[in-house]
Every structure is written in structure tokens, then in C-alpha cells.
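Step one of this worksheet: look at the structure below.
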There are 2 protein chains.
Amino acid sequence: MATRKQRTGRRTDALSKERIVEAAVALLDAAGESGLTFKALTERLATGPGAIYWHVANKGELLGAATDAVVVTVLTAGPAEKAKTGTPQDEIRTVALGLFDAIGDHHWLATQFAVQLSRAPAGPVTPLIFETLGRQVRAMGVPRESWFTTTSALVHYILGAAGQNAANAKVAGTVTDRDEVLDATSQAWKALDPGGYPFLHAIADQMRRHDDREQFLAGIDLVLAGITTLHPPPAAA
Amino acid sequence: MATRKQRTGRRTDALSKERIVEAAVALLDAAGESGLTFKALTERLATGPGAIYWHVANKGELLGAATDAVVVTVLTAGPAEKAKTGTPQDEIRTVALGLFDAIGDHHWLATQFAVQLSRAPAGPVTPLIFETLGRQVRAMGVPRESWFTTTSALVHYILGAAGQNAANAKVAGTVTDRDEVLDATSQAWKALDPGGYPFLHAIADQMRRHDDREQFLAGIDLVLAGITTLHPPPAAA
DNA sequence: ACCTGAACACCGTTCAAGT
DNA sequence: ACCTGAACACCGTTCAAGT
């Protein structure tokens with residue numbers, strides 16, 4: 001009964017690259033980059049390593065595919081599709097926050113971005129990010145010859161800031177942890193030689209009280225202000 | 001003859017954390033993060049793994065110490081000490097370029113920054129970078145309550161951009177390679193669906209011709225312009 | 001075409017034993 | 001106090017063999 005498996009398409013429990021990538025993302029989310037092993041993967045998928053290697057060339061490709069899957073979801077189904085009504089600045093903020101939160105949910109992305117952005121000719125991630133943010137840069141009235149440079153600066157800030165924030169978040173697992181880490185760092189800065197580190201002494205309290213998302217957005221606004229200053233929109237008299 | 005080894009200090013060939021870190025940096029520079037193994041390390045230092053573990057807790061600490069060593073050298077003996085005559089903007093550019101070039105010389109730094117910046121209470125790297133750049137932010141006339149946020153944005157851009165550039169450079173070993181990679185990427189962008197990726201089509205040529213350092217500095221200037229716009233110096237009437 | 005699972009080379013880390 | 005080197009658990013990857 002029900003033996004015509006081929007016609008109806010693949011069986012639900014059949015192995016496929018998608019199912020492997022899905023399991024990889026789950027493992028990465030649960031235990032970080034060191035949590036993704038072929039042993040954990042074969043246990044979760046109830047197979048042997050050979051089966052996985054039939055669908056995937058090696059671990060690097062698997063990490064790349066996991067990164068692609070997460071980022072593509074964030075950028076296509078996510079914020080970019082919503083805020084179609086706002087100013088270019090609003091859309092940039094939304095997309096940036098989407099990537100920020102994605103790295104917050106998947107800490108392993110922080111390290112992966114540095115690796116993935118360099119894949120030449122590259123997966124879908126770099127093109128998607130550049131296209132999405134670049135359109136808004138264009139909409140801001142930046143002249144054509146500065147499109148690439150300006151968009152690059154924006155992308156670098158977003159991925160740099162989001163990545164470093166995620167690294168911080170990884171250390172602090174819970175909210176309480178975060179408070180403790182900030183407190184410890186603040187104390188450490190205050191404990192440094194005041195003659196050698198006057199600036200750190202001056203900002204130790206600001207740093208302890210800061211909110212990650214707020215500060216990330218403040219940085220976005222700073223970059224946006226720079227863009228507008230260097231390339232004033234023609235409409236503004 | 002010459003048997004009073006203790007008085008004259010440690011023997012030249014004695015193992016020490018510094019010598020281990022030095023060897024680690026050499027291995028990382030030569031073959032990247034995967035080139036640093038305890039086997040390679042013991043061969044280079046002519047010892048066994050146990051000897052290394054006497055001086056270093058684990059591989060993570062070793063990577064951290066290697067990062068600290070390189071960055072501290074760049075920031076203390078390097079550019080920060082030279083350009084003492086220029087404007088704050090000039091000094092920021094010099095320090096930023098110093099970090100940019102350091103990551104260019106030691107590609108493995110790109111991944112390490114994401115990891116190291118999160119070490120709490122952290123090694124000397126984060127304090128040094130924040131102190132060095134923060135002083136210039138202060139000198140630019142940024143009001144006190146914005147010191148931490150502004151400096152953070154600057155640090156995030158510098159490390160983000162430098163890291164992503166280094167990742168690109170890793171793929172392209174030689175200058176010729178770089179041309180080929182840029183060419184391939186440019187072609188790949190042009191091969192995308194023009195309806196879905198109009199912006200990438202428009203910048204494909206700019207991206208092929210761009211110079212890494214030039215573009216990095218253009219991004220710095222963009223951030224500096226943002227700082228000046230949001231926080232105009234009191235002197236400027 | 002797709003999967004199994006034993007086998008291989010290599011890795012970080014430990015530790016009893018030496019000096 | 002510092003170093004040796006065998007041993008351990010684990011890792012990514014391969015491949016002859018199955019279906």
C-alpha cells in the first residue's frame with residue numbers, strides 16, 4: 001500500500017541538502033560553531049557521515065549554506081518587504097536592525113560573515129545585502145560615482161557593529177550575565193592607570209549603562225548623517 | 001665554562017610564553033588559522049605538547065595572546081606615535097590605516113577581532129583601541145555624553161571594514177589573483193537577473209576598479225563627516 | 001542514485017614520569 | 001619549576017560495500 005513513492009515526490013524522511021542545512025543551523029544555534037560536528041549531525045539525522053557527504057562537499061560548504069539560508073530568509077521574507085512606505089533612511093534602519101537581530105539570534109553568523117563575504121564569486125549573501133542597501137543609498141540622492149563606495153561603507157559598519165555586538169552577547173548568555181559582564185568591564189577600565197587611559201575612565205559609566213540596539217542605531221544615524229553631508233540631496237536647497 | 005645560567009637570566013633557547021606566541025604568529029601568518037597546530041608548534045620549537053601547556057592554558061589563550069601581541073605593537077610602536085602633529089582627523093586616519101594594514105599582513109586577525117573583542121573583562125586590545133581613537137573623538141569636540149557611542153561607531157566601522165577586506169585579500173593571494181577575483185565577481189554581478197539586481201549591475205564596474213585602501217579611507221571620511229555633522233565643533237562659527 | 005559504517009589521518013589535551 | 005612523550009577522546013573525510 002502506497003508504494004508509488006517516486007510519483008508523489010520525495011519521502012518526508014529522505015535526506016536532502018535542505019534537511020541537512022536545517023539540522024546544521026539548529027546545531028549551530030544551540031551550541032555555537034563547535035556544536036556543528038558530523039557526529040551530532042548524523043545522530044540528529046539518523047544516518048552515517050557518508051550519507052551527508054553525498055549531499056554536501058565538506059564542512060565549509062555546509063557552513064556557507066547555513067549562512068546563506070539564514071541571511072536570505074532575513075533579507076527576503078523579513079524587514080525589507082515591510083517598510084516599503086518609509087524614507088530610504090527608515091528602510092536602511094530596518095534592514096540593518098534585521099541583520100543585527102539575526103546575528104543576535106545566530107551568534108555563529110558573526111564569524112561567518114568575515115568568511116562568507118570573501119567567497120568568490122560568492123554565494124547569494126553579498127549580492128543581496130549590497131542590492132538591498134544600495135537601492136536606498138541611490139534613493140538618498142547619492143551621485144552615481146559614489147554608489148559603490150558609500151554602500152560599502154554602510155555594509156562594513158552594519159556587519160562590523162552587528163558582529164562585534166554578537167560576540168559580546170555570546171559571552172553573556174542571559175540578561176543577568178550581560179549586566180555582570182558590563183559591570184566587570186567597567187570596573188576593569190576604571191582599574192587601569194588613569195594617566196595612561198584617561199578616556200576609558202571618562203566613558204566607563206556610559207559603557208556600563210549602554211543599550212546595544214540603541215547604540216547600533218545611533219551608529220547607523222551617524223553614517224547616514226555622513227552620507228547626507230558628503231552628498232546633499234538635490235531637493236534640499 | 002659559563003655555567004652560571006641563572007644569574008645572567010634565562011637561556012636564549014629556553015621556552016617562554018613570548019617565544020611560543022612568536023612562533024604562533026609566524027605559523028598563523030604563513031598558513032592561516034588552520035596552520036596553527038600543536039604539532040607544527042612543537043616541531044618549530046623542538047619540544048613536546050606538554051612543554052607548551054606549561055606556559056599556555058589552551059589554544060584559545062594562545063590565539064588571544066597572538067592577537068594581543070600584534071595589535072599592541074601596531075598601536076604603541078606604530079602610527080599613533082608618529083602623527084602627533086596633525087588634526088584629530090589625521091590621527092584617526094593614521095591609526096585606522098595602521099589597523100587596516102595589520103589585518104592585511106595578518107589575515108587571521110579578521111576572525112580573531114570578533115572573538116577577542118568579546119573577552120570579558122578582555123585583554124589589552126579593546127582598551128587600547130578605544131583609548132587611542134577616543135582621545136581623537138574628544139579632540140574633535142564631540143560632547144562628553146556622546147563619547148562612548150561615537151567612538152564605538154568608529155571602532156565598529158574600522159574593524160568591520162578592515163576585517164572584510166582582509167577576508168577578500170585571503171582569497172586573492174597575489175596581485176594578479178586580486179584582478180581575477182574582482183573580474184569574476186564583477187562578471188557574476190552582471191550575470192544576475194537585471195530586473196532583480198539593478199543596483200549591482202550599475203556598480204559592477206566601479207567594484208571591479210576599486211582600490212581597497214582608498215575605499216577604506218573614503219569610508220573613514222564618511223564616518224568623520226557624520227561625526228562633525230552631528231557634533232559640530234564649537235570653534236566653527 | 002543514494003546510503004552504510006568501518007577505517008584513516010589528524011587534532012587538542014592530559015598526565016605519569018623524568019630532570 | 002620545567003619538560004618529555006605516550007596515550008586518549010574526538011574530529012573531518014574517505015571508500016568499499018550494500019540497496
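Chain identifiers are assigned alphabetically (A, B, ...) following the order of the sequence lines, protein sequences preceding nucleic acid strands; residue numbering begins at 1 within each chain.
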Is it true that B/Asp205 and B/Lys190 have a side-chain N and a carboxylate O under 4.0 angstrom from each other?
yes
Is any side-chain nitrogen or oxygen of B/His55 closer than 4.0 Å to OP1 or OP2 of D/dC3?
yes
Can you tell me the distance, in whole Å, between the CZ atom of B/Arg19 and the C1' atom of D/dC3?
13 Å
Please, what dot-bracket string fits DNA chain D when only Watson-Crick and G-U pairs with both distances under 3.5 Å count, crossing ones use [ ] and pairs to another strand use |?
||.|||||...|||||.||
Interface polar pairs with nucleotides 11-13 of chain C, N/O, under 3.5 angstrom:
unit_1: C/dG12; atom_1: OP1; unit_2: B/Leu36; atom_2: O; d: 3.4
unit_1: C/dG12; atom_1: OP1; unit_2: B/Lys59; atom_2: NZ; d: 2.7
unit_1: C/dG12; atom_1: OP2; unit_2: B/Phe38; atom_2: N; d: 2.9
unit_1: C/dT13; atom_1: OP2; unit_2: B/Tyr53; atom_2: OH; d: 2.6
unit_1: C/dT13; atom_1: OP2; unit_2: B/Lys59; atom_2: N; d: 2.9
unit_1: C/dT13; atom_1: O5'; unit_2: B/Tyr53; atom_2: OH; d: 2.9

Calculate the interatomic distance between B/Lys17 atom NZ and D/dC2 atom C1'; express it in whole Å.
16 Å
Indicate whether OP1 or OP2 belonging to D/dC3 is found under 4.0 Å from a side-chain N or O atom of B/Trp54.
no
State whether A/Asp179 and A/Arg208 are salt-bridged, where the test is any N-O pair (Lys NZ or Arg NE/NH1/NH2 against Asp/Glu carboxylate O) under 4.0 Å.
no
Does the plane of the ring in B/Phe130 sit parallel, tilted or perpendicular to the ring in B/Phe148? Use 30° and 60° as the thresholds.
parallel
Checking ring-ring contact (aromatic ring centres under 6.0 Å, His included) for the pair A/Phe216/A/Phe100: CA distance, chi angles, key distance, verdict?
CA-CA 8 Å; A/Phe216 174 71; A/Phe100 183 88; 4.4 Å; yes
Only counting residues at least two apart or in another chain, list the ones meeting side chain to side chain donor-acceptor pair (under 3.5 Å) with B/Lys17.
B/Glu61
Spatial distance of atom CD1 (B/Ile158) from atom CD1 (B/Ile103) [nearest 0.5 Å]
10.0 Å
Answer whether the closest heavy-atom distance between the side chains of A/Met207 and A/Thr185 falls below 4.5 Å.
yes
Are side-chain heavy atoms of A/Lys39 and A/Arg44 found at a separation under 4.5 Å?
no
